[in-house]
> 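Got a structure for you, written out below as structure tokens; questions coming shortly.
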Amino acid sequence: MAIQDFSPPSLATMDRLLAVSRHYFAPRLLGADNVDPQRPALFVGNHGLYGLIDSPLFVLELYRQTGVFPRALGDRVHFRVPGWGPLLKRWGAVEGNPDNCTQLMQAGQPVLVFPGGAREVAMRKDEVHKLVWKKRTGFARMAIEHGYDIIPFASAGCDEAYRVLVDGNDFQQSWLGRTLLKRPRLDKLLRGGDMFMPLSRGVGPTLIPKPEPLWFQIGEPISTAPWAGREGDSDACWAVRETVAASIYGMLDSLNQERAVARKQGWRRWLL
């Protein structure tokens, strides 16, 4: 079956499957009026710690408020895991590569991508609400090539649901990390240590995440028309990337300020 052939689940089905997570994290989505359901776009945002909490809830709230169900581009490692890869495909995700992205955009489907990928998911202690995109501009190139608007969005709260105890930097500097990364196959598998998932704790000493309210904000669409025909120009792709990153950082600053005010009103009201 071609990757374009996909029918999103019903909102009722998603609500049922994510009911516990939705009530636990109380997601809130702002800026949905920036989405035109009739105009396909590339949604670009920051990835939260571990990437399993915020992403489904963002898609759920986007779907609820706009009727748009984006096709997620995922890191290839997801699709190598038995059981997990097929499950993601059932929910519309595809391996994030230029060919798959091209097929989706040629079919006029909304697409979702986290340029930080697995590295951003493997958050370091000093990377709360930070973009870790390295030199990646592929998403900008694809949007320019296919004339897609980019809709930036920010996710705040997921990075605070855990306290990171040991991160990738600690691992790389440890005796165990240095020993393992000397082995070419392990070094490739862990991508030089980038794929080391941090060891964290949530509620008390457990792995249960803290019930941190998750707030999302969607920014104004960024047209790629000014760069039309320049998908092969690295300067153009970098300019688009930096415009998107600036929008996301601006929204994160705003969300964190609002969350700080809300938190001061008392923990009971904050959780509600």
> His129 and Tyr249: which non-hydrogen atoms are nearest, and at how many Å?
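Looking at all heavy atoms of both residues, the closest pair is O-CE2, 3.9 Å.
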> Return the CZ to CD1 distance between Arg39 and Ile151, rounded to the nearest 0.5 Å.
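Nearest 0.5 Å value for the CZ-CD1 distance: 9.0 Å.
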> Hey, what do you get for CE (Met142) to CG (Asn100), rounding to the nearest 0.5 Å?
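These two atoms lie 9.5 Å from each other.
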> Hey, do the aromatic rings of Phe153 and Phe216 have their centres closer than 6.0 Å?
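Ring centres of Phe216 and Phe153 not closer than 6.0 Å.
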> Keeping Arg22 on the side-chain end and Leu57 on the backbone end, is there a donor-acceptor pair under 3.5 Å?
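Not a single qualifying donor-acceptor pair exists.
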> Which distance, rounded to the nearest 0.5 Å, do you find between the CZ of Arg259 and the OG of Ser254?
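One finds 11.5 Å between CZ of Arg259 and OG of Ser254.
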> Please work out which of the three classes, parallel, tilted or perpendicular, describes the rings of Trp133 and Phe139, given edges at 30° and 60°.
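Perpendicular.
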> Hey, does the side chain of Tyr50 reach the backbone of Pro198 with a donor-acceptor pair shorter than 3.5 angstrom?
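Here the side-chain-to-backbone pair exists.
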> May I ask you to check whether over 12 heavy atoms, not counting those of Glu242, lie within 6.0 Å of atom CD?
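Check passes, neighbour count above 12.
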> Just by distance, do the side chain of Arg71 and the backbone of Gly92 share a donor-acceptor pair under 3.5 Å?
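Yes: the side chain of Arg71 pairs with the backbone of Gly92.
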> Between Asn46 and Ser155, does any side-chain donor sit less than 3.5 Å from a side-chain acceptor?
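Looking only at side-chain atoms, Ser155 and Asn46 do not form any donor-acceptor pair under 3.5 Å.
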> Begin from the C-alpha positions of Glu95 and Leu73 and carry the test side-chain contact (heavy atoms from CB on, under 4.5 Å) through to its verdict.
CA-CA 6 Å; Glu95 184 174 329; Leu73 302 178; over 6 Å; no
> How long is the straight-line distance from CZ of Phe69 back to CG of Leu112, given to the nearest 0.5 Å?
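Those atoms lie 9.5 Å apart.
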> Minimum heavy-atom separation for Ile218 and Ala32, please, with both atom names.
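Where Ile218 meets Ala32 most closely, the heavy atoms are CD1-CA, 4.2 Å.
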